[in-house]
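Values in this document were obtained by computation on a predicted structure and should not be read as measured data.
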Amino acid sequence: MNIHEYQAKQLFKLYGIPVPEGSPAETAGHAEQVARELGGNAWVVKAQVHAGGRGKAGGVHIAKSLDEITEFSRKLLGTRLVTQQTGAEGLPVETLYVEKAGQIDREFYLSALVDRGSERVIFIASAAGGMDIEEVAEKTPDRIISFQVDPAAGLQPYQCRKVAFAFGLESTQFKSLEKIMAGIYKLLLEKDAGQIEINPLVTTNSGELVAVDAKINFDDNAVAVHPDITAMRDPGQEDEKEHKAQQFGLNYITLDGSIGCMVNGAGLAMATMDLVKLKGGSPANFLDVGGGTNTEKVAEAFKLILADPNVKAVLVNIFGGIVKCDVIAEGILAAVKEVSVKVPVVVRLEGTNAEAGRTLLRESGLNLVAADDLAKAAEQVVALAEGV
Ligand code: GDP
Ligand code: MN
């Protein structure tokens, strides 16, 4: 789960990581009022979307007057911001963050993340931070350093000094970098974050270290035990279908293919997607309806699949073990009563109550293609999706 920059900065404050003074605003009037209350003569107004690359996409503006804030806010609020990280449809800008603009001297990159490969928390840092970090990673990877933290020993002062040297900091700044890195590490562990990224971490003209940007991603499987983090969820920034699926306890992930897949069990779902690929098709989603499913859940799952305009054909692949095939069939029929099915549906039911399930579907009068061989079912659905 992702959160907004302003929320990440609230957490930074709690963990002793310095951030500029600021407040979120949802209207142009409120944005101007925030700036007035902050005082000063320059402010940064930033679109709050769950994606980076805002600076290059016109989502970050340095304003020298209150009028400029109003103008920029009016222009941006209610639109969708398209950045390199959002895809063509962009993300809705419903909130802005207004901060006092600081005098930036240098921009660094600093992040910590759970590295699956080494099964450790690793830190990544670069003196060449800022909006072109992707290019730095691609063209001059030697300008990026990284190291693991031993979970038993924790983050060590010498590791922080290594980063301080890489940044070329003055010795008077070492302590504050150490404090920032310790804060990041503690926050990552205590709140079950998967990644915390500060890009840029800056030095100001007066030599202070400040986190000018903040991105935190949390482990979805841990969010439920952190009510404070759960409360930061912004469904407006999330895939609508995935959000709906979550409410019904379905494991659903949108993909960009044309074949909707409804499968029980994550393993079988993966295998089904592989098979669809092997037969030359491309899945429109991953969906595991789960073991202890019921008619209502299956109906919701089927509706979700059909709601995707990219879906040209659907493959239902159920191996009834704990899930009973007749429950799946009833779910499909319940969904079909509410929404019309305009695409071909290939159904393969096997296992517990398979015959009862097939009978229900056959007698429904729906235009379904029954299949009992999985490889053939995949072939059929690919052909149907292509209109063959
Ligand atoms: P991103 O493009 O989505 O990563 O958004 P950032 O928050 O990183 O902002 C983009 C860029 O705007 C930063 O790299 C800075 O160069 C600049 N910026 C952001 N905040 C300030 C600020 O307070 N003062 C100044 N001068 N520049 C800022
Ligand atoms: Mn940034």
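If you check the side chains of S118 and D115, you find a donor sitting under 3.5 Å from an acceptor. Side-chain atoms of K342 and S340 include a donor-acceptor pair closer than 3.5 Å. Judged by distance alone, the side chains of D234 and H50 never bring a donor and an acceptor atom under 3.5 Å apart. At a cut-off of 3.5 Å, with distance as the only test, no side-chain donor of D213 or N199 sits close to an acceptor on the other residue.
A salt bridge does not link D219 with K191: every distance from a Lys NZ or Arg NE/NH1/NH2 to an Asp or Glu carboxylate oxygen is 4.0 Å or more. Ion pairing between R358 and E350 holds under the 4.0 Å rule for side-chain N and carboxylate O. The pair K100-E37 fails the salt-bridge criterion, with no side-chain N (NZ, NE, NH1 or NH2) lying under 4.0 Å from an Asp/Glu carboxylate O. Between R36 and E32 there is a salt bridge, with a side-chain nitrogen of the basic residue lying less than 4.0 Å from a carboxylate oxygen of the acidic one. Residues E238 and R233 are paired through a salt bridge, judged by an N-O separation under 4.0 Å between the basic side chain and the carboxylate.
Of the possible polar contacts, one joining the S73 side chain to the I69 backbone as a donor-acceptor pair under 3.5 Å is found. At least one donor-acceptor pair under 3.5 Å links the side chain of Q173 to the backbone N or O of E170. Side-chain atoms of E208 never come within 3.5 Å of backbone atoms of T204 as a donor-acceptor pair (strictly under, hydrogens ignored). In this structure, the side chain of E99 does not engage the main chain of W43 through any donor-acceptor pair within 3.5 Å. Counting only distance, with no hydrogens or angles, the side chain of E94 and the backbone of G236 share no donor-acceptor pair below 3.5 Å. With hydrogens and angles ignored, the 3.5 Å screen pairs no side-chain donor or acceptor of T293 with any backbone N or O of G290. Put simply, the side chain of T140 never gets that close to the backbone of R143: no donor and acceptor are under 3.5 Å apart.
Looking at every heavy atom in both residues, L349 comes nearest to G357 through CD1-C, 3.8 Å. The two residues Q380 and A371 make their nearest non-hydrogen contact at OE1-CB, 3.7 Å.
To the nearest 0.5 Å, atom CD of residue Q10 and atom CD1 of residue I216 are 10.5 Å apart. Within the model, atoms OG of S364 and CD of E330 stand 12.0 Å from one another, a figure rounded to the nearest 0.5 Å. We find the CG-CD distance between N2 and Q195 to be 9.5 Å, quoted to the nearest 0.5 Å. In this structure, the separation between CG on L287 and CG on N264 is 10.0 Å, given to the nearest 0.5 Å. Note that OG1 of T203 and CG of D105 are 4.0 Å apart. Values are rounded to the nearest 0.5 Å. Rounded to the nearest 0.5 Å, atoms CG (L66) and CD (E71) are 13.0 Å apart.
Not counting sequence neighbours, the partners of E5 by the salt bridge (charged side-chain N to carboxylate O under 4.0 Å, His left out) test are K9, K46, R54. Remark: F123 pairs with F147 by the ring-ring contact (aromatic ring centres under 6.0 Å, His included) rule, at least two apart or across chains. Looking at residues two or more places apart in sequence or on another chain, you find a ring-ring contact (aromatic ring centres under 6.0 Å, His included) between F167 and F108. Legend: residues meeting ring-ring contact (aromatic ring centres under 6.0 Å, His included) with F72, ordered by chain and number and at least two apart, are H61. Every residue two or more places apart in sequence or in another chain was checked for a ring-ring contact (aromatic ring centres under 6.0 Å, His included) with F319, and none qualifies. Residues that satisfy the salt bridge (charged side-chain N to carboxylate O under 4.0 Å, His left out) test with R120, not counting sequence neighbours, are absent from this structure.
Just one of I328, V347, N285, V345 meets the side-chain contact (heavy atoms from CB on, under 4.5 Å) condition when paired with M262; it is I328.
Its side chain within the 4.5 Å cluster rule, V210 clusters with I104, V202, V212 among the Ile, Leu, Val, Met, Phe, Trp and Tyr residues. Listed by chain and number, the hydrophobic cluster partners of V60 are V44, I62, where partners are ILVMFWY side chains within reach of under 4.5 Å, directly or through others. Residues Y109, L113, I122, I124, I133, I144 make up the rest of the hydrophobic cluster containing V136, defined by ILVMFWY side-chain heavy atoms closer than 4.5 Å, directly or through other members.
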For residues 245-260, which side-chain N or O atoms pair as donor and acceptor with protein atoms under 3.5 Å away, sequence neighbours left out?
from: T254; atom 1: OG1; to: D239; atom 2: OD1; distance (Å): 3.4
from: T254; atom 1: OG1; to: D239; atom 2: OD2; distance (Å): 3.0

For residues 299-317, run the donor-acceptor check on the side chains, cut-off 3.5 Å, and write out each pair with its distance to 0.1 Å, sequence neighbours left out.
from: E300; atom 1: OE2; to: K303; atom 2: NZ; distance (Å): 3.1
from: K303; atom 1: NZ; to: E338; atom 2: OE1; distance (Å): 2.7
from: D308; atom 1: OD1; to: N310; atom 2: N; distance (Å): 2.8
from: K312; atom 1: NZ; to: P309; atom 2: O; distance (Å): 3.3
from: N317; atom 1: OD1; to: R348; atom 2: NH1; distance (Å): 2.8
from: N317; atom 1: ND2; to: T272; atom 2: OG1; distance (Å): 3.0

Side-chain atoms of residues 14-27: list all donor-acceptor pairs with protein atoms under 3.5 Å, sequence neighbours left out, distances to 0.1 Å.
from: Y15; atom 1: OH; to: E190; atom 2: OE1; distance (Å): 2.6
from: T27; atom 1: OG1; to: H30; atom 2: N; distance (Å): 3.0

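A heavy-atom distance below 4.5 Å is not found between the side chains of L11 and Q7. Side-chain atoms of V121 and Q148, non-hydrogen and from C-beta on, never get closer than 4.5 Å to each other. Proximity of L110 to I196: side-chain heavy atoms (C-beta onward) are nowhere separated by under 4.5 Å.
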Exercise for the section: Please assess L177 against L169 for the test side chain to side chain contact (heavy atoms under 4.5 Å, CB included), listing each intermediate value before the final yes or no. Expected result: CA-CA 9 Å; L177 179 70; L169 295 183; 4.0 Å; yes

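Within a 6.0 Å sphere centred on CD of Q84, other residues, nucleotides and ligands contribute 12 heavy atoms or fewer. Around atom NZ of K186, no more than 12 heavy atoms belonging to other residues, nucleotides or ligands sit under 6.0 Å away.
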